[in-house]
Amino acid sequence: AVKAQVIQGTSNTSGGVSTGDMRFGAKAGFGVSTFMGRDYIEITPKPGFYVGGVAEIPAFFDSFYLQPEVVLQYQGAGIGGDEDLNLFYLHLPLMGKYHITEEFAVELGPQIGVLLADNWDEDLNVINTNRLNIGLNIGGGYRLDDNFYFNLRFSPGFTTVIENTGVKNFAFQVGANYFF
């Protein structure tokens with residue numbers, strides 16, 4: 001005699017799009033970032049991009065996933081005249097994703113980022129860029145099929161970009177995930 005058990009959230013028993021197996025993929029997209037807060041005037045948005053990896057892990061109940069990500073992201077803003085502050089981050093978001101339907105999902109989660117590079121010349125300026133970026137991601141997405149998932153996110157930052165100022169990151173992103 002053979003017996004089998006299915007642990008809730010670990011096997012696709014409902015048919016349709018796989019809801020039970022951990023999946024891995026790549027992600028890429030376009031973004032527009034700016035700075036929010038006080039201390040600078042004439043701040044203008046700046047286009048950027050992101051690339052990275054993603055995992056989708058079924059968790060807690062049907063249609064809910066934890067989605068850890070590793071993302072390299074180029075962002076920044078114009079800070080008056082012809083000057084730009086360009087920032088290159090390694091972000092580690094941890095998203096909670098809930099599928100309202102098989103196609104449409106909402107996403108929410110924190111992210112921590114480490115500044116890898118910037119164009120801020122610290123020799124000419126008395127203040128430094130902050131090496132840590134903590135923020136929140138809010139968004140949603142559309143699952144086209146088992147492999148392609150398109151998403152849209154807003155990402156307000158909680159930490160300041162430049163030390164001793166009130167300037168914080170804010171990004172808008174649109175992109176795609178491809179699951180293997």
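Put simply, the side chain of Leu72 does not reach to within 4.5 Å of the side chain of Phe49, judged on heavy atoms. Between Ile112 and Asn133, the closest side-chain pair of non-hydrogen atoms is not below 4.5 Å. Using a 4.5 Å cut-off on side-chain heavy atoms (C-beta onward), Ile57 and Pro68 make contact. Side-chain contact between Val167 and Ile79 is absent, with no heavy atoms from C-beta onward closer than 4.5 Å. Using a 4.5 Å cut-off on side-chain heavy atoms (C-beta onward), Arg153 and Gln111 make no contact. Side-chain contact check for Arg23 versus Asn147: every heavy-atom pair is 4.5 Å or farther apart. Contact annotation: the side chain of Phe35 approaches that of Leu85 to within less than 4.5 Å [non-hydrogen atoms, C-beta and beyond]. Residues Glu56 and Asn177 are not in side-chain contact: their nearest non-hydrogen atoms beyond the backbone lie 4.5 Å or more apart.
When all heavy atoms are compared, the tightest approach of Pro47 to Tyr74 is O-CE2, 3.8 Å. Smallest separation of non-hydrogen atoms from Thr129 and Glu163: O-OE2, 4.1 Å. The two atoms that bring Met95 and Gly109 nearest to each other are CE-N, 3.7 Å, heavy atoms only. Counting all heavy atoms, side chain and backbone alike, Ala26 lies closest to Val54 at N-CG1, 4.1 Å. Ala59 approaches Leu66 most closely through the heavy-atom pair CB-CG, 3.9 Å. Annotation for Val32 and Pro45: closest pair CG1-CB, 3.7 Å, computed over non-hydrogen atoms.
Going from atom CG of Asn151 over to atom CD of Gln67 covers 7.5 Å, rounded to the nearest 0.5 Å. Taking CG from Asn137 and CG from Leu94, the interatomic distance works out to 10.0 Å, rounded to the nearest 0.5 Å. Between Arg131 atom CZ and Leu116 atom CG the span is 9.5 Å, to the nearest 0.5 Å. How far CZ of Phe172 is from OG of Ser155: 10.5 Å, rounded to the nearest 0.5 Å. Expressed to the nearest 0.5 Å, how far CG of Asn169 lies from CE of Met36 amounts to 11.0 Å. Note that CD of Glu42 and CD of Glu83 are 11.0 Å apart. Values are rounded to the nearest 0.5 Å.
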Gln75/His91 under side chain to side chain contact (heavy atoms under 4.5 Å, CB included): CA gap, chis, key distance, verdict: CA-CA 12 Å; Gln75 61 187 73; His91 280 135; 3.6 Å; yes
Step-by-step side chain to side chain contact (heavy atoms under 4.5 Å, CB included) determination, Leu92 to Val114: CA-CA 9 Å; Leu92 302 169; Val114 177; over 6 Å; no
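In this structure, a donor-acceptor pair under 3.5 Å is absent between the side chains of Asn130 and Thr159.
One hydrophobic cluster, built from ILVMFWY side chains closer than 4.5 Å, cannot hold both Ile134 and Leu115; they sit in different ones. Both Val70 and Val51 belong to a common hydrophobic cluster when Ile, Leu, Val, Met, Phe, Trp and Tyr are linked at side-chain heavy-atom distances under 4.5 angstrom. One hydrophobic cluster, built from ILVMFWY side chains closer than 4.5 Å, holds both Phe158 and Leu108. Under the 4.5 Å side-chain heavy-atom criterion for Ile, Leu, Val, Met, Phe, Trp and Tyr, Tyr89 and Ile162 are members of the same hydrophobic cluster. No single ILVMFWY cluster, assembled from side-chain heavy atoms under 4.5 Å apart, contains both Tyr149 and Phe180.
By the 30° and 60° cut-offs, the orientation of the rings of His99 relative to Tyr65 is perpendicular. Ring pair Phe148/Phe150 is parallel by interplanar angle, where below 30° counts as parallel and above 60° as perpendicular.
Salt-bridge check for Glu69 with Lys97: failed, with every basic side-chain N at 4.0 Å or more from each acidic carboxylate O.
Between the Asn119 side chain and the Asn86 main chain, a donor and an acceptor come within less than 3.5 Å of each other. Judged by distance alone, with hydrogens and angles left aside, the side-chain atoms of Ser63 form no donor-acceptor pair with the main-chain N or O of Tyr98 at under 3.5 Å.
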